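Comments concern the structure below.
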Amino acid sequence: FWCFPGEERWSAPEHVVLAALLTAERLPKGGEGRMLVDSSHIAVTFFSELEECTVGQLDNDRYGIVVGSRERAGVMGGALPRMPGIGTEFRQFRHARITNGKLLPFEPFVIHRHRVMKYVEPGAAWQPTGVPAPGAPLPCDDPALCVPIAVRARDIAISHLLGVPETTAPFSAEALPQGAQFLFVTISLWGKLRGCMGLDTASVHGDAELRGLVMHALKDERFEDIEVSSPDAVAASISLLSNGTNMGDVPPDDIIRYVIPGKQMLQVTQGERSGLLLPFWAARENVSREDYAREVIDKAGITRPPYFWQRFDCSTWLADCEGAGQLEGAFRPLPQTCSDDELPRHLAGLYLNYLLRHQQEDGSFFESYEPFRNRLRQGGSLPRLAHAAWVLARATKTMANPQIQAAAERAIALLLRHMKLSEQGVWLEMGQDLPSVSEVAFLTLALCQLPKGDYRRSQVRGLAETLWSAIGDYGYIFTHRGRAEVADSFQNYFPGQALLALAEATAARLTDPDWQKLERAFRYYRHRYRYLRDFGQAPWLMQALSAWHRVRPNPEFSGLVFEIGEWLLQWQQEKSGAFINDHQAETPGYTTALYLEGIGAAARLAEFPGSRSERYLDAHRRGLQFLNRITIQPGHTPGLPNSDLATGGIRMDLNSSIVRIDFVQHGLSAVLELYEHCTAAGMHRRPNMETDTIAENTRAFS
């Protein structure tokens with residue numbers, strides 16, 4: 001039980017007695033209950049004083065939480081830190097709010113966090129979950145112990161492949177981290193898997209066994225043989241499995257609830273058949289949390305139940321020509337070498353290079369890229385293509401680089417070729433998608449970035465008229481041509497995009513504003529935000545109303561921008577700078593870039609020095625630091641089969657490797673928001689985005 005602020009509380013001994021009595025009430029009565037107590041061990045867990053907090057202030061490594069309803073007294077649920085299968089703050093929050101508390105998805109809530117202190121009966125074995133993380137790293141997470149093993153494995157591989165002397169001392173079995181139960185060695189050559197072999201650590205007696213794992217991995221018949229002529233091609237990783245737990249016969253859809261992606265591994269057994277997949281492989285291959293267990297079953301060759309599972313904690317350490325360290329998903333985190341002032345310029349260069357390299361000759365873009373498979377996918381949608389044109393046009397106006405300008409020109413030209421004039425207005429038609437206001441809005445925004453005198457700007461008037469006509473009598477914006485009935489989810493994105501485009505067209509004097517329609521739309525979507533809130537609304541409404549406020553200052557516009565901003569900042573993690581919520585399946589991830597676009601727009605309104613301006617700028621800077629963390633960097637090139645196509649991509653999340661083109665577009669847009677604000681304000685922290693950014697970053701990873 002918890003003692004909430006303002007409630008009556010007793011002494012610690014009285015609390016312990018009350019907790020013991022409450023526990024006894026749940027046990028069987030009589031002799032059966034006494035036998036259960038006698039055959040069990042006991043732990044006592046104390047919580048510190050409850051402290052109200054936001055979602056962004058959660059820390060699953062440190063705090064337990066209780067989430068209660070603001071509407072229904074007594075409806076609440078709690079979650080301890082580091083519970084089985086709960087590896088992130090947002091999953092801890094969902095477990096307390098939805099699983100235990102049974103709060104409704106739209107129900108207002110309040111969060112309290114507390115420290116946890118657990119005292120276990122002396123001599124009793126106890127599970128390591130449900131308590132804060134230890135202060136010092138566990139042996140299998142200790143770089144002092146694990147990095148030398150990975151470096152030694154790579155050295156053995158290089159010596160064998162290139163016929164050069166070894167440079168490291170032989171490995172000693174005593175150097176194995178305490179608690180490690182299995183050791184796996186994986187070798188990659190030029191970013192491609194060459195082989196993977198594992199061994200029970202009880203069988204590892206010294207350097208001979210480590211060497212044997214390396215040699216077997218280099219001869220693994222499951223993978224392609226690859227010739228190498230340079231040590232730079234060779235990467236070796238070690239995976240240490242510990243804390244093995246027998247999970248029994250569990251359906252695959254249920255077992256995954258008890259596994260933390262990226263940190264724990266599953267092994268399935270049925271008779272003589274057995275299979276396992278290391279977590280970093282799942283990240284390389286973009287296997288979702290839901291599909292991971294089925295992939296393990298498939299590898300084992302098991303076709304029907306029963307499935308007997310074992311779960312292991314797994315730590316993987318990679319050594320390549322750039323250094324050595326623990327993997328986060330499929331990538332080794334790199335130290336941030338850029339200052340906060342330099343980071344926007346660094347990221348802009350990476351993102352622009354990525355977009356340039358993924359643009360096709362006709363101006364379109366590849367839809368996505370899988371770095372470890374070196375596989376490009378065609379496809380995409382018209383709104384995303386139009387969004388790319390706008391972002392590149394903004395970058396052209398900001399940085400005046402001929403390569404960026406040429407890319408923007410190709411994208412705009414492609415869109416203009418697909419413009420169609422009809423009785424229903426000017427729309428874009430490409431493929432089978434129903435024409436929408438989204439691509440019309442982004443093309444409008446792109447054309448507004450062109451220099452005055454460019455004849456193509458004249459197209460804005462017809463496009464803007466289509467957007468104005470989409471606003472209905474009550475302010476509702478019809479998102480598709482012919483006012484077609486479509487999913488309500490489009491209302492979370494497209495209206496804000498349309499309002500942003502109309503604001504920029506009005507500012508450029510390329511349309512005549514209909515102030516009555518604008519007022520109706522504003523009131524409708526303010527009401528929707530307040531009573532049918534969705535994270536998709538936030539960045540677009542913030543950008544749109546910021547733009548309208550610059551056109552015609554209105555305290556209601558700026559008020560809603562800051563109202564959304566204050567709500568949004570509650571979801572930004574103090575520990576990482578990322579925004580966590582259910583906008584994407586595994587959070588935190590690329591959606592952080594979307595919210596930074598809105599935060600940047602709000603910062604442009606908070607023009608006067610003070611706490612609000614500094615808070616928004618600080619939130620933006622911390623968010624960019626997280627984006628840098630999930631961006632594929634030049635330092636990752638040794639582990640990639642095609643670094644030219646991969647570098648600069650924003651991964652979906654920490655435990656995946658796939659890059660979708662719109663992830664990068666939003667990342668660049670977020671950077672441009674900060675740059676444009678700092679330029680307008682003339683602030684000393686303005687990032688130095690010069691015209692040679694592209695060339696410098698190209699040289700960095702060519």
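Because the structure is a prediction, the values reported are computed rather than measured.
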What about the rings of [X] and [Y], do their centers lie closer together than 6.0 Å?
{"X": "H358", "Y": "F365", "value": "no"}
{"X": "F372", "Y": "F331", "value": "yes"}
{"X": "Y590", "Y": "H666", "value": "no"}
{"X": "Y595", "Y": "W571", "value": "no"}
{"X": "F93", "Y": "F90", "value": "yes"}

Is a side-chain N or O of [X] found less than 3.5 angstrom from the main chain of [Y], in a donor-acceptor match?
{"X": "Q573", "Y": "I580", "result": "no"}
{"X": "S230", "Y": "D232", "result": "yes"}
{"X": "K299", "Y": "L276", "result": "yes"}
{"X": "S39", "Y": "M35", "result": "yes"}
{"X": "E295", "Y": "Y292", "result": "no"}
{"X": "R629", "Y": "A578", "result": "no"}
{"X": "Q633", "Y": "N628", "result": "yes"}
{"X": "R82", "Y": "V131", "result": "yes"}
{"X": "T201", "Y": "V204", "result": "no"}
{"X": "N100", "Y": "M76", "result": "no"}

Distance only, no hydrogens: is a donor on one side chain within 3.5 Å (strictly under) of an acceptor on the other, for [X] and [Y]?
{"X": "D313", "Y": "Q264", "value": "yes"}
{"X": "N642", "Y": "Y369", "value": "no"}
{"X": "Y351", "Y": "T631", "value": "yes"}
{"X": "Q584", "Y": "T591", "value": "yes"}
{"X": "Q267", "Y": "S274", "value": "yes"}

Do you know the tightest heavy-atom contact between [X] and [Y]?
{"X": "C196", "Y": "A217", "answer": "N-CB, 4.0 Å"}
{"X": "G179", "Y": "S242", "answer": "O-CB, 3.3 Å"}
{"X": "L277", "Y": "V296", "answer": "CD1-N, 3.7 Å"}
{"X": "G101", "Y": "V75", "answer": "O-CG1, 3.5 Å"}
{"X": "A283", "Y": "A330", "answer": "CB-N, 3.6 Å"}
{"X": "S188", "Y": "R284", "answer": "OG-NH1, 4.2 Å"}

Quiz item: Under 6.0 Å from the six-membered ring centre of F171 and within 45° of its axis: does the NZ or CZ of R152 meet both?
Solution: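 Judged by the rule (NZ or CZ under 6.0 Å from the ring centre, within 45° of its axis), R152 is not positioned above F171.
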Nearest-0.5 Å distance, [atom1] of residue [X] to [atom2] of residue [Y]:
{"X": "N246", "Y": "F308", "atom1": "CG", "atom2": "CZ", "value": "9.5 Å"}
{"X": "T245", "Y": "R311", "atom1": "OG1", "atom2": "CZ", "value": "4.5 Å"}
{"X": "M197", "Y": "L218", "atom1": "CE", "atom2": "CG", "value": "10.0 Å"}
{"X": "M652", "Y": "N286", "atom1": "CE", "atom2": "CG", "value": "7.5 Å"}
{"X": "L241", "Y": "C314", "atom1": "CG", "atom2": "SG", "value": "5.0 Å"}

Under 4.0 Å between a Lys/Arg side-chain N and an Asp/Glu carboxylate O for [X] and [Y]?
{"X": "K219", "Y": "D225", "value": "no"}
{"X": "E586", "Y": "R91", "value": "yes"}
{"X": "R332", "Y": "E322", "value": "no"}
{"X": "E107", "Y": "R97", "value": "no"}
{"X": "R294", "Y": "D298", "value": "no"}
{"X": "E166", "Y": "R211", "value": "yes"}
{"X": "E370", "Y": "R375", "value": "yes"}

Within-4.5 Å side-chain heavy-atom neighbours: [X] and [Y]:
{"X": "N243", "Y": "P128", "value": "yes"}
{"X": "S159", "Y": "I156", "value": "no"}
{"X": "P261", "Y": "P279", "value": "no"}
{"X": "D59", "Y": "E89", "value": "yes"}
{"X": "Q326", "Y": "T316", "value": "no"}
{"X": "M215", "Y": "H160", "value": "yes"}
{"X": "K575", "Y": "D61", "value": "yes"}
{"X": "T587", "Y": "D582", "value": "no"}

Quiz item: Just wondering, more than 12 heavy atoms not from Y258 lying within 6.0 Å of its OH?
Solution: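 At most 12 heavy atoms, drawn from other residues, nucleotides or ligands, come within 6.0 Å of this atom.
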Quiz item: Above 12 or not: heavy atoms from other molecules or residues under 6.0 Å from CZ of R26?
Solution: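 Check fails, neighbour count at 12 or below.
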Quiz prompt | Audit row: L80, Y63, side-chain contact (heavy atoms from CB on, under 4.5 Å) steps and yes/no | solution = CA-CA 7 Å; L80 293 170; Y63 298 113; over 6 Å; no
Quiz item: Taking V234 as the fixed residue, which of D155, L189, D320 is the one that meets the side chain to side chain contact (heavy atoms under 4.5 Å, CB included) rule?
Solution: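 Only one of D155, L189, D320 forms a side chain to side chain contact (heavy atoms under 4.5 Å, CB included) with V234, namely L189.
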Quiz prompt | Residue pair F47, R115: steps toward the side-chain contact (heavy atoms from CB on, under 4.5 Å) verdict | solution = CA-CA 6 Å; F47 297 163; R115 298 192 308 278; over 6 Å; no
Self-check item: Worked verdict on L240 versus L176 for side-chain contact (heavy atoms from CB on, under 4.5 Å)
Solution: CA-CA 9 Å; L240 298 162; L176 269 175; 4.3 Å; yes
Self-check item: Residues S489, N492; criterion side chain to side chain donor-acceptor pair (under 3.5 Å); working and verdict
Solution: CA-CA 6 Å; S489 59; N492 295 328; 5.9 Å; no
Practice problem: Would you please test L210 and L183 for side-chain contact (heavy atoms from CB on, under 4.5 Å) and show each step? | Solution: CA-CA 9 Å; L210 180 63; L183 169 65; 4.2 Å; yes
Exercise. Could you walk me through whether R194 and E224 pass salt bridge (charged side-chain N to carboxylate O under 4.0 Å, His left out), step by step?
Key: CA-CA 6 Å; R194 178 60 193 91; E224 173 189 0; over 6 Å; no
